Asks: 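Once you've had a glance at the structure underneath, I'll fire off some questions.
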Amino acid sequence: MAVADNQNSLVATPRGPTLLEDFILREKITHFDHERIPERIVHARGSAAHGYFELTRSLKRYTTARLFTAVGQRTPVFTRFSTVAGGAGSVDTPRDVRGFAVKFYTEEGNFDLVGNNIPVFFIQDAMKFPDLVHSVKMEPDRAFPQAASAHDTFWDFISLTPESMHMIMWAMSDRTLPRSLRMIEGFGVHSFRLLDAKGNSTFVKFHWRPKLGIQSTVWDEALKLQAADNDFHRRDLFESIQAGAFPEWELAVQLFTEEQAEAFPFDHLDPTKIVPESLVPLQVIGRMVLDRWPDNFFAETEQVAFCPANLVPGIEFSNDPLLQGRLFSYLDTQLIRLGGPNFHQIPINQPKCPFANHQRDGHMQMQVHKGRVNYEPSSLQEDSPRADRRTGFRHHATPPDDGAKGRQRPESFADHYSQPRMFFTSLEAPEQAHLGVGAGVRTVQGGDAPGCASAWSATCATSTRGWRSA
Ligand code: HEM
């Protein structure tokens, strides 16, 4: 029904009062009052785009996941980049890790690769995540700084957490001052498993590599950009897509067996460690192109719900204790953020393949389920959804480790310093100087060494190559 007047409230006399019976005014204001939803507890500030993933090399030997076996097939994706610490309205350019989350809408359901632009993480165990995030977010009494890690509570936590050494060096390097979101790498961070039809498992690490190369700004440039344009990265991504200069990444994998992993001089289940490319080379298996800006920021970029537990048959998680905690956290937080158990029915979250289950009712149920059967086992309805041992998702039959139950860290997680050293020695001299160590420069956020304040610094030569001068 169209309204006859969208300019004036219903009033008793020309000069008021406004009448309670004005249901049109009340409905309009009520809806407006409820326009906001809670922002993400981390990664609140983000920008996203639609696109596709095209497989160029089959992983058929290792996995049944069709996404990774049908060469030439294009799988639609929705990719969201984010900062971690700031609120949804914070600036785009602080020194911060960038989230790199990809939702693949595969024929077999959604697979979410929820990664960062740094290949390791600050902590080894999910138990520490709330402490880490509390320490880096604005301090609770003064409510600043917003979106920046340069403050006492963060350094207090980091200085008392030796396992953060590797990540903090990446975080203080040029990596956290990207020149463009189109020029960042992405990493799945944890080891995942690929499973073949017989259930044989191969470990896999995922890497996104930008076609434009990795480029960063220096600190002074980041400050100027921050002052000039709060939306610098969002605008850059939007404008490049609108101009047809579609950002592109290669997807590469590192594949290794359980036996190979046992011979590594570190534990690959420890998320503060990389698997150096000199031990396990990268194999490029496909490319991702982002070619369409969302129609609506709220409906898509804000409501998208990534979750490391969104897997398809043939891909599984590993025992990495950080990843194991994440498997719980995302669904839990999204129940609150998106208001109930049916958020997977929001168009941006819905699989693009047919799906069915016996989940019913709840807030904002959008589906009209038909028939009497909403349970299993059942015999009354032929087309009722059922588990399928042949094509359904299966877990790897991982034999239990030796040892007793307890709150503990394995001894294999104890070396916090070899890889940070490797990272540092693998940097070029200007990069070391930017880190605030090489040139003897020490500023809170890692200042620029003399002679390095040139225009864009197309540096970041290192990646996960590691070991170079070890
Ligand atoms: C135990 C450790 C972690 C926990 C408990 C955790 C928890 C969370 C939570 C609650 C959110 C907000 C989700 C939402 O509201 O939709 C989030 C977002 C995110 N997390 Fe984590 N996280 C952890 C570690 C990590 C790690 C290691 C990575 C990278 C590998 C990561 C990458 C991301 C990304 C990219 C997002 C933003 C997703 C988006 O764009 O919507 N997180 N995380």
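FYI, side chains are in, hydrogens and waters are out, and symmetry mates aren't considered; it's all heavy atoms of this structure. Whatever order the structure lists them in is the order used to number ligands and atoms, beginning at 1. These numbers were taken from a predicted model, which means no experiment stands behind them.
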Asks: Of all the non-hydrogen atoms in the protein, which one sits nearest to atom 13 (C) of ligand 1, and at what distance?
Replies: T333 CG2, 3.7 Å
Asks: Provide, to 0.1 Å, the distance between atom 35 (C) of ligand 1 and the closest protein heavy atom, together with that atom's residue and name.
Replies: G115 O, 3.2 Å
Asks: Answer yes or no: is there an ion pair linking D267 with K273, defined by an N-O contact shorter than 4.0 Å?
Replies: no
Asks: Is D125 salt-bridged to K128, going by a charged N under 4.0 Å from an acidic O?
Replies: no
Asks: Which heavy atom of the protein is the closest neighbour of atom 39 (C) of ligand 1, given with residue, atom name and distance?
Replies: R80 NH1, 3.0 Å
Asks: Please state which part of V189 comes within less than 4.0 Å of ligand 1, counting heavy atoms only: side chain, backbone, both or neither.
Replies: side chain
Asks: Taking the side chain as C-beta and beyond, is there a heavy-atom pair between F206 and V253 under 4.5 Å?
Replies: yes
Asks: Please identify which atoms of ligand 1 are closer than 4.0 Å to at least one heavy atom of F306.
Replies: 38 (C), 39 (C), 40 (O), 41 (O)
Asks: Tell me if the aromatic rings of F122 and F157 count as close, with their centers under 6.0 Å from one another.
Replies: no
Asks: Ignoring waters, how many protein N/O/S atoms are under 2.8 Å from atom 21 (Fe) of ligand 1?
Replies: 1
Asks: Would you confirm whether D270, through its side chain, and Q124, through its main-chain N or O, come within 3.5 Å as a donor-acceptor pair?
Replies: no
Asks: Under a 4.5 Å cut-off applied to non-hydrogen side-chain atoms, are R175 and E185 in contact?
Replies: yes
Asks: What atoms in ligand 1 come closer than 4.0 Å to a heavy atom of A126?
Replies: 1 (C)
Asks: Measuring from atom 41 (O) of ligand 1, which candidate in R337, Q324, R40 has the nearest non-hydrogen atom?
Replies: R40
Asks: Going by the order shown, which atoms of ligand 1 are within less than 4.0 Å of some heavy atom of I41?
Replies: 10 (C)
Asks: Could you list all the side-chain hydrogen bond (donor to acceptor under 3.5 Å, both in side chains) pairs where at least one residue sits in residues 321-340, not counting sequence neighbours?
Replies: H190-R326, R326-Y330
Asks: Only pairs at least two apart or in different chains count here, so list each side-chain hydrogen bond (donor to acceptor under 3.5 Å, both in side chains) that has a residue in residues 32-42.
Replies: none
Asks: For atom 29 (C) of ligand 1, find the nearest protein heavy atom and state the residue, atom name and distance (0.1 Å precision).
Replies: N116 ND2, 3.1 Å
Asks: Which residue owns the protein heavy atom closest to atom 27 (C) of ligand 1, what's the atom, and how far is it?
Replies: F121 CD1, 3.5 Å
Asks: Taking only non-hydrogen atoms of A305, do any sit less than 4.0 angstrom from ligand 1?
Replies: no
Asks: Indicate yes or no for a side-chain donor-acceptor contact from N116 to the backbone of I118 under 3.5 Å, with no hydrogens or angles considered.
Replies: no
Asks: Identify whether NZ of Lys or CZ of Arg in K205 sits under 6.0 Å from the centre of the six-membered ring of F187 and within 45° of that ring's axis.
Replies: no
Asks: Which pairs pass salt bridge (Lys or Arg N to Asp or Glu O under 4.0 Å) with one or both residues in residues 140-165, sequence neighbours excluded?
Replies: E139-R142, E163-R409
